[in-house]
Amino acid sequence: MRKKILWIIPARSGSKSIVDKNIKDLGGYPLMIHRFLAAKNSAFTHDIWLSTDSEIYKVIAKEYGLEAPFLRPEELSTDHASSSDVVLHAMQFAKERGLEYDLVGLLEPTSPFIKVADIDSAIDELEQDLEAHGVVAVKEQRPATIFVQKEAKYLDEFCSNINEYQRLGRQNFVKEITPSGGFYICRWEKFLTEHTFYANKTIAYEVDEISGLEIDEPLDWEFAEFIIERKKRYE
Ligand SMILES: CC(=O)N[C@H]1[C@H]([C@H](O)[C@H](O)CO)O[C@](O)(C(=O)O)C[C@@H]1O
């Protein structure tokens, strides 16, 4: 039977800024497991696969019931390997086993706070828009790009922007968004031809600031721990 979506959780073992980030404990679970726990409660039929280059990560995944049906080849596990190639590799694996899906989705471990309700309503939005090819989680961009400039000794670019816009007041700025990293979903066939989650007509699904938190640097990790502690206090 064709399932709605194949989720891929990419978790290679060589992370540098936070060593072994993907399996580091955050609030009682290895980081990569947070994505699994949300996706497995989705209302849409699915499979969820870990794509990793590490036998140890595979074992940890299995302890939580997360399938890791293959070991990712070395050439797809370097700093320069693209997410698209990792996704295509998993899709090829599915095809060889005769598995069929309508959609393919990527859930990066670095966004542990995305809610299943958002995942499901994003898929709903895609279902309702027959012209759309996919849906990507976005968050509000802060600071707005008028406050930033290319690296330089003098703040000239910034100064001319700020002088022009200051009179407007923050509430009148044009809202800007950027991918949050929370989820990327594309129609299966479209991904096979485009090799990207950023095809035209990709829906922007906005998530709130906490859901949009991405853990890249040690300070992000500390902030994530703070959020978990705060949740515990109020639940
Ligand atoms: C699907 C995709 O493009 N993922 C890319 C993400 C997102 O661009 C980012 O998380 C959005 O905020 O960034 C990386 O992790 C990074 O910067 O090292 C590389 C990864 O390939």
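Just so you know, ligand 1 is whichever comes first in the structure, and atom 1 is the first atom listed for that ligand.
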Write out the residue and atom name of the closest protein heavy atom to [atom], then the distance separating them to 0.1 Å.
atom                    : result
atom 15 (O) of ligand 1 : Glu108 OE2, 4.5 Å
atom 19 (C) of ligand 1 : Ser83 OG, 4.7 Å
atom 12 (O) of ligand 1 : Glu214 OE1, 2.8 Å

| remark: Checking heavy-atom distances from atom 1 (C) of ligand 1 to each of Phe183, Tyr198, Tyr184, the winner is Tyr184
| remark: Sequence neighbours excluded, the answer for side-chain hydrogen bond (donor to acceptor under 3.5 Å, both in side chains) partners of Ser121 is Tyr205
| query | Heavy atoms of the protein only: does one fall short of 4.0 Å from atom 21 (O) of ligand 1? | reply | yes
| Counting N and O atoms only, with roles assigned by atom type, does the side chain of His133 sit under 3.5 Å from a partner on the main chain of Glu194, one being a donor and the other an acceptor? | no
| field | Numbered atoms and elements of ligand 1 in range of Leu106, under 4.0 angstrom, heavy atoms | value | 1 (C)
| field | Set of ring pair (Phe, Tyr, Trp, His ring centres under 6.0 Å) partners for Tyr184, sequence neighbours left out | value | Phe197
| field | Contact partition for Thr178 relative to ligand 1, non-hydrogen atoms under 4.0 Å | value | neither
| query | Given Asp102, which of Arg187, Lys3, Lys4 fulfils the side-chain hydrogen bond (donor to acceptor under 3.5 Å, both in side chains) condition? | reply | Lys4
| said: Quick check on the hydrophobic clustering: are Phe183 and Trp188 connected, directly or via other members, by side-chain heavy-atom contacts under 4.5 Å? | reply: no
| request: Check the pair Ser77, Arg12 against side chain to side chain donor-acceptor pair (under 3.5 Å), reporting the backbone distance first and the verdict last. | output: CA-CA 6 Å; Ser77 305; Arg12 67 185 184 97; over 6 Å; no
